[in-house]
Structure formats: structure tokens, C-alpha cells
Amino acid sequence: MRLPLIHRFRTSSHVKHELEHILVGVTDASGVTGWGEIASPSGPYYGAETVQSCWAVARDHLRPLVLAAAWEHPAELAAVMGRVRGNHFARAGFDMAAWALWSALDGSPLAAALGGTRTRVAAGVSLGIEETIDELLEQVALRVAEGYHRIKLKIAPGWDVEPVRAVRAAFPRIPLHVDANGAYPASERAVFGELDRAGLLMIEQPFAPRALVAHAELQETLATPICLDESVEDVDDLVTALRLRAGRVLNIKVSRMGGLTPAVRAHDLAHAEGLPVWCGGMHEFGIGRAANVALSSLPGFTMPSDVSGSDKYYARDITTSPVTCRNGFVAVPRTPGLGWEPDLPFVAERTVARL
């Protein structure tokens with residue numbers, strides 16, 4: 001299905017005006033349905049997967065595996081889907097739906113089923129690259145007024161030091177971090193030396209995903225923590241990053257990791273190693289956003305997560321009630337299952353393909 005964004009969002013690689021995500025419903029014999037979301041980008045810029053590739057893998061490989069599998073716990077289904085290499089975004093939608101179904105049948109809120117302990121989650125917000133610094137400052141002022149606990153700025157070569165300096169000068173006390181989405185060559189050092197003096201919470205993914213040695217070398221020269229995102233697609237990547245000391249913070253994304261099952265495993269390892277984590281987002285619709293809220297309730301998520309209110313991105317979300325952020329916090333649902341339900345008539349209205 002397709003939804004337009006309220007405000008176009010630009011990163012170091014592409015611009016988004018609308019999003020196409022895939023909803024996955026898993027229904028048991030009693031008629032209870034758990035919902036998940038495949039929140040892949042439309043183009044292969046953040047990673048290799050696209051909406052079209054996810055649709056094909058879901059249709060031809062994951063759906064047959066899921067329909068043929070007998071399972072008592074979502075982790076068992078995740079192991080079955082592990083036969084499909086990579087394709088984490090596609091697998092995440094099915095894993096999320098399985099957790100939503102299992103927790104609903106168990107009578108447990110999804111957050112509690114995952115091991116969450118928080119009743120509310122501190123929310124941060126991510127801001128894209130704007131046409132001018134003044135427009136960026138307007139966006140920052142708006143989100144600060146809404147009470148968000150952290151502002152993330154997208155950066156790219158040519159849009160880095162000056163915008164950050166301007167935001168820091170206008171808002172000297174706000175928690176601020178930057179995200180490059182791997183846009184810089186591994187030889188780049190000067191820009192990050194300048195940003196190191198800006199009082200940032202972290203510098204996220206400066207180099208390409210597999211450039212873990214370069215991240216480790218840069219981290220040795222910086223006081224500001226490096227946060228890894230695209231570099232950690234599974235727990236084995238996290239083990240390697242920890243051994244290399246390639247970063248001091250981890251962004252855990254349900255979609256990038258392949259679902260809630262591996263995301264919880266990554267959280268558990270990072271928490272045991274004393275590595276701070278937060279939950280990143282992919283502009284999810286309400287279903288995926290609900291899963292992010294549940295994951296962010298786990299004890300190791302000590303930093304504000306990208307669980308901003310639906311109204312920042314969409315005039316109308318796909319759930320019967322939107323995810324709301326009040327004074328910088330999103331409440332963790334206490335009802336069984338996902339906590340938010342799809343607005344099925346609106347979903348049907350926005351659907352462009354169905355299987």
C-alpha cells in the first residue's frame with residue numbers, strides 16, 4: 001500500500017515524497033490475525049532490498065515456508081525463515097506478524113512478550129536534508145517545541161559542518177546527533193574532526209556498511225561515539241563490530257535485522273556488553289511503528305528512539321488510532337498483541353497490490 005509523506009524527506013542518497021510498504025497478515029485457525037509490515041524503501045539506496053524484491057521473495061519463498069511451518073513460538077518460525085538468505089526486510093514483516101499473533105493469543109502485550117519493562121518510550125526525531133539552513137532551523141524549532149528528546153540531522157558531503165554549527169548555535173542545549181548513511185569515503189577524517197567539536201550525542205554510520213575497520217580507526221580519533229546502523233544486519237555483524245570496537249552505540253532496526261526475533265537477540269548481546277542501543281525507524285506505517293514501540297521498551301534501550309508520532313509523517317496513518325507522542329514520550333500499550341490495529345477500510349483504499 002502507498003501513503004504520501006506530509007513533508008518530503010531527503011537523505012544523502014535519495015528523496016522520498018511517498019512510501020510503499022507491504023502489510024503481512026498471519027491468521028490462525030480461530031481467526032485471530034497478527035499484522036506485520038515490510039518497510040523496505042522503494043529503491044536500493046539504504047540497502048539492497050526494494051519493495052519489488054520484497055514482494056517477490058515474500059510471494060515465492062517466505063509465504064510458502066510460513067504456511068507449511070508448524071510453530072509454537074515466533075523464534076521457531078524465524079529459524080524456518082532463516083533458510084532464506086538475506087532479505088531481512090521481507091523476513092521482518094512475517095516475523096513481526098508472528099509475534100503480534102502469538103502475543104495476542106497469549107493475552108500478553110507485545111512489549112511484555114519481548115521482555116520489555118518500560119511503560120513509555122522516550123522519542124527522538126529524524127530530520128532530512130533541507131534546501132536551506134533556515135528551513136532546517138524551522139524544522140528543528142518545530143520538533144523541539146513538540147518535546148522530542150533528541151534531534152537527528154541527516155548529513156552528506158557538502159551538507160554537514162555548516163548546518164550542524166547553525167543548529168547548535170540556535171539550540172545550544174538540545175541533544176543532537178548526525179547520520180551520514182554511509183555517504184563518506186573511508187579516507188575522510190577532516191569533516192568528522194570538525195563535527196567532533198559540536199557536542200553531538202553520536203555520529204551515525206559515516207562510512208559504507210562493510211567498512212568496519214575504517215569505523216574502528218575513526219572511532220579511535222574521536223571523542224564523539226560512532227553509532228553503527230547499516231553495518232549491523234545480524235548478530236554476527238554485531239560480534240565483529242564489538243571485537244573491532246568499531247562503534248560505541250548501536251541503532252537496532254527491526255527491518256534491517258530481519259524482525260523482532262533477531263532484534264531482541266542483538267539487544268540482549270549489546271546490553272550484556274554495555275553497548276547503548278536505540279531503535280531506529282524506516283518511516284514505518286502504524287503497524288511497523290507499533291513494533292518499534294514495543295521493542296524500545298526493552299531495558300537496554302537507554303537512548304531516545306525513532307518512535308515519533310505518526311502525525312509527523314502522515315496526514316492519516318493506517319491504524320484505527322495513530323501512534324501519538326506527548327511531551328516527548330510514546331506510551332507502551334498494555335492490551336494483548338500489537339496494541340494498534342489496522343484500519344482495514346482505509347488500508348483497502350490505499351492498497352495498490354494484493355496477494
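The chain is numbered in sequence order, starting from 1.
With a 4.5 Å cut-off on side-chain heavy atoms, Cys279 and Ile252 do not count as touching. Between Trp35 and Val347 the shortest side-chain heavy-atom distance does not fall below 4.5 Å.
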Taking only distance into account, with no hydrogens and no angle test, what donor-acceptor pairs under 3.5 Å do side-chain atoms of residues 48-58 form with protein atoms, sequence neighbours excluded?
unit_1	atom_1	unit_2	atom_2	d
Glu49	OE1	Phe89	N	3.2
Glu49	OE1	Ala90	N	3.2
Glu49	OE2	His88	N	2.9
Glu49	OE2	Phe89	N	2.9
Thr50	OG1	Gln52	N	3.4
Thr50	OG1	Ser53	N	3.1
Ser53	OG	Thr50	N	2.9
Ser53	OG	Thr50	O	3.0

Can you give me every donor-acceptor pair (side chain of residues 25-34, partner residue at least two apart or in another chain, under 3.5 Å) with its distance?
unit_1	atom_1	unit_2	atom_2	d
Thr27	OG1	Thr33	OG1	2.7
Asp28	OD1	Ser30	N	3.2
Asp28	OD1	Ser30	OG	2.7
Asp28	OD1	Gly31	N	3.2
Asp28	OD1	Val32	N	3.1
Asp28	OD2	Ser30	OG	3.0

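For the atom pair CE (Met81) and CG (Leu62), the distance works out to 6.5 Å, reported to the nearest 0.5 Å. Taking CD of Glu284 as the start and CD of Glu37 as the end, the distance is 6.0 Å to the nearest 0.5 Å. The distance from atom CG of Asn327 to atom CD of Glu146, rounded to the nearest 0.5 Å, is 11.0 Å. We find the CG-OG1 distance between Leu114 and Thr117 to be 11.5 Å, quoted to the nearest 0.5 Å. Atom CG of Leu153 is separated from atom CG of Leu200 by 8.5 Å, given to the nearest 0.5 angstrom. Here Leu218 contributes atom CG and Ile226 contributes atom CD1; the two are 4.0 Å apart, rounded to the nearest 0.5 Å.
For the salt bridge (Lys or Arg N to Asp or Glu O under 4.0 Å) condition, the pairs that include at least one residue of residues 333-355, sequence neighbours left out, are Arg316-Asp343. Every pair passing salt bridge (Lys or Arg N to Asp or Glu O under 4.0 Å) that includes a residue from residues 213-226 is listed here, sequence neighbours excluded: Arg189-Glu217. Each salt bridge (Lys or Arg N to Asp or Glu O under 4.0 Å) pair with one or both residues in residues 233-242, not counting sequence neighbours, appears once here: Arg210-Asp237. Screening residues 61-81 for side chain to side chain donor-acceptor pair (under 3.5 Å) gives no qualifying pairs among residues at least two apart or on separate chains. Residue pairs meeting the side chain to side chain donor-acceptor pair (under 3.5 Å) criterion with at least one partner in residues 95-107, sequence neighbours excluded, are Asp95-Thr261, Trp99-Thr261, Asp106-Ser108.
As a member of the Ile/Leu/Val/Met/Phe/Trp/Tyr network built from side-chain separations under 4.5 Å, Leu67 groups with nothing else and remains a singleton. Within the hydrophobic cluster formed by Ile, Leu, Val, Met, Phe, Trp and Tyr side chains joined at under 4.5 Å, directly or through other members, Val307 is accompanied by Val121, Val293, Val323, Val330, Val332, Trp340.
Side-chain polar atoms of Asp196 and Thr224 form a donor-acceptor pair below 3.5 angstrom.
Every side-chain hydrogen bond (donor to acceptor under 3.5 Å, both in side chains) that His177 has, sequence neighbours left out, goes to Glu204. Residues that satisfy the side-chain hydrogen bond (donor to acceptor under 3.5 Å, both in side chains) test with His283, not counting sequence neighbours, are Lys16. For Arg197, the side-chain hydrogen bond (donor to acceptor under 3.5 Å, both in side chains) partners are Glu194, not counting sequence neighbours.
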- Query: Under the side-chain contact (heavy atoms from CB on, under 4.5 Å) criterion, do Val161 and Ile155 qualify, and how do the steps go?
  - Reply: CA-CA 9 Å; Val161 175; Ile155 60 170; over 6 Å; no
- Message: Apply ring-ring contact (aromatic ring centres under 6.0 Å, His included) to residues His149 and Phe329 and explain how you reach the verdict.
- Response: CA-CA 8 Å; His149 291 274; Phe329 291 95; 4.5 Å; yes
- Go through the steps for Phe192 and Tyr184 under the test ring-ring contact (aromatic ring centres under 6.0 Å, His included), then give the verdict. CA-CA 10 Å; Phe192 301 110; Tyr184 292 83; 5.0 Å; yes
- Item | Lys154 vs Asp160, salt bridge (Lys or Arg N to Asp or Glu O under 4.0 Å): CA-CA, chis, key distance, verdict | CA-CA 8 Å; Lys154 294 291 187 179; Asp160 38 45; over 6 Å; no
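In this structure, Pro342 and Thr320 approach most closely via the heavy-atom pair O-CG2, 3.8 Å. Of all heavy-atom pairs between Asn292 and Gly281, the closest is ND2-CA, 4.2 Å. Leu260 and Ala291 get closest at one heavy-atom pair: CD2-O, 4.0 Å. Arg168 and Gly199 get closest at one heavy-atom pair: NH2-O, 3.0 Å. The two residues Asp317 and Ser310 make their nearest non-hydrogen contact at OD2-OG, 2.7 Å. Of all heavy-atom pairs between Met303 and Pro276, the closest is SD-CB, 3.9 Å.
In this structure, Arg245 places its CZ atom where only 12 or fewer heavy-atom neighbours from other residues, nucleotides or ligands lie under 6.0 Å away.
Both Val213 and Val232 are assigned to one and the same hydrophobic cluster, defined by single-linkage of ILVMFWY side chains at heavy-atom distances under 4.5 Å.
Taking 4.0 Å as the cut-off between side-chain N and carboxylate O, Lys312 and Asp306 do not count as a salt-bridged pair.
Checking each of Val178, Asp179, Val249 against Ile203 for a side-chain contact (heavy atoms from CB on, under 4.5 Å) leaves exactly one that passes, namely Val178.
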